[in-house]
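Since the structure comes first, as structure tokens, the remarks are kept for the end.
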Amino acid sequence: QVQLVESGGGLVQAGGSLRLSCAASGLTFSSYAMGWFRRAPGKEREFVAACTRRGAFTGYAENAKGRFTISRDNAKNTVYLQINSLKPEDTAAYYCAAKLSSSDWIWRFENEYEYWGQGTQVTVSS
């Protein structure tokens with residue numbers, strides 16, 4: 001069955017960096033656009049970043065531009081989220097999601113994605 005498994009989260013001091021990974025299985029990875037979302041305690045899940053099937057195009061939430069970079073390696077069925085200069089407000093559970101796509105389009109809404117991982121926790125201490 002389709003599985004998305006995130007990893008790479010942890011406890012990091014402010015100013016540090018993390019590289020989150022999401023390994024996909026059970027689907028034709030190159031047929032899916034991929035996205036990253038996050039949910040902080042007591043808040044709604046929000047869009048962070050997304051990329052097209054080959055990673056040629058990327059899109060970011062306004063507050064994610066600059067410090068966040070999404071990329072993918074289709075040979076490894078893996079999508080990544082690099083986070084630099086971490087801030088306490090980045091503390092959240094980070095989720096990857098997959099959306100079947102036949103065009104180059106950046107999908108920004110939760111209900112557009114078919115598959116979700118269970119999340120990896122990022123905690124940033126001040």
Side-chain angles (χ1 to χ4, degrees):
Q1 299 298 335
V2 173
Q3 283 193 302
L4 303 178
V5 181
E6 300 97 334
S7 62
L11 177 62
V12 185
Q13 294 184 17
S17 298
L18 281 175
R19 189 194 195 199
L20 309 183
S21 299
C22 173
S25 61
L27 79 173
T28 302
F29 188 67
S30 61
S31 296
Y32 287 79
M34 299 296 296
W36 285 95
F37 294 76
R38 70 183 183 184
R39 182 164 57 199
K43 294 189 175 183
E44 296 287 322
R45 187 152 55 188
E46 66 177 357
F47 170 77
V48 177
C51 64
T52 54
R53 293 173 298 164
R54 295 189 355 158
F57 301 95
T58 60
Y60 300 90
E62 285 298 319
N63 60 5
K65 292 180 179 178
R67 298 187 298 112
F68 291 72
T69 303
I70 186 171
S71 61
R72 66 191 293 164
D73 185 342
N74 284 1
K76 296 181 178 180
N77 284 11
T78 301
V79 63
Y80 306 94
L81 184 68
Q82 177 73 34
I83 316 174
N84 296 326
S85 301
L86 280 156
K87 302 176 180 180
E89 51 262 45
D90 294 322
T91 295
Y94 285 73
Y95 301 84
C96 69
K99 191 235 182 304
L100 185 65
S101 181
S102 59
S103 63
D104 288 333
W105 185 258
I106 298 299
W107 310 96
R108 295 174 174 266
F109 302 100
E110 288 187 73
N111 61 8
E112 295 172 326
Y113 288 82
E114 290 93 353
Y115 302 108
W116 292 82
Q118 292 190 325
T120 184
Q121 179 66 38
V122 172
T123 302
V124 185
S125 62
S126 59

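Only heavy atoms go into these numbers, but all of them, side chains included; no hydrogens, no water, no symmetry mates. Here the structure is a predicted model, which means the values were calculated and not measured.
- Inter-residue side-chain proximity for S7 and T120 is flagged as unmet; no heavy-atom pair is nearer than 4.5 Å.
- With a 6.0 Å radius and a threshold of 12 heavy atoms from other residues, nucleotides or ligands, E114 has its CD atom above the threshold.
- The shortest side-chain heavy-atom distance between L20 and E6 does not fall under the 4.5 Å cut-off.
- Nearest approach of C51 to R72, heavy atoms of both residues: SG-CD, 3.7 Å.
- No donor-acceptor pair closer than 3.5 Å links the side chain of R54 to the backbone N or O of D104.
- When all heavy atoms of A92 and Q121 are compared, the closest pair comes out as O-NE2, 3.4 Å.
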field: S30 and R53: CA distance, side-chain angles, deciding distance, side-chain contact (heavy atoms from CB on, under 4.5 Å) verdict
entry: CA-CA 5 Å; S30 61; R53 293 173 298 164; 5.7 Å; no

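- Contact detail for D73 and F29: the closest heavy-atom pair is O-CE2, 4.2 Å.
- Rounding to the nearest 0.5 Å places CZ of R38 at 9.0 Å from OG1 of T91.
- Both M34 and F68 are members of a single hydrophobic cluster when ILVMFWY side chains are connected at heavy-atom separations under 4.5 Å.
- A perpendicular orientation is assigned to the rings of Y113 and F37, their planes being inclined by more than 60° (bins at 30° and 60°).
- Atom CZ in R108 sits 15.0 Å away from atom NZ in K99 (nearest 0.5 Å).
- Put simply, CG on L27 and OH on Y115 are 7.0 Å apart, with the number rounded to the nearest 0.5 Å.
- The nearest pair of heavy atoms linking C96 to V79 is CB-CG1, 4.4 Å.
- When every heavy atom of P88 is checked against every heavy atom of A14, the shortest pair comes out as CD-CB, 4.2 Å.
- Atoms OG and NZ, on S126 and K87 in that order, are 13.5 Å from each other to the nearest 0.5 Å.
- Rounded to the nearest 0.5 angstrom, D90 CG and R67 CZ are separated by 4.0 Å.
- One hydrophobic cluster holds both V2 and L100 under the rule that ILVMFWY side chains link at heavy-atom gaps under 4.5 Å.
- Checking side-chain atoms of S101 against main-chain N and O of S103 turns up a donor-acceptor pair under 3.5 Å.
- Side-chain heavy atoms closer than 4.5 Å link hydrophobic residues (I, L, V, M, F, W, Y) into clusters, and following such links, even through other members, never connects Y32 to W116.
- Here the shortest heavy-atom pairing between I70 and Y60 reads N-OH, 3.0 Å.
- Here the straight-line distance linking atom OG of S25 with atom CG of N77 works out to 8.0 Å at 0.5 Å rounding.
- Following chains of ILVMFWY side-chain contacts shorter than 4.5 Å, one can reach L4 starting from W36, so the two form part of one hydrophobic cluster.
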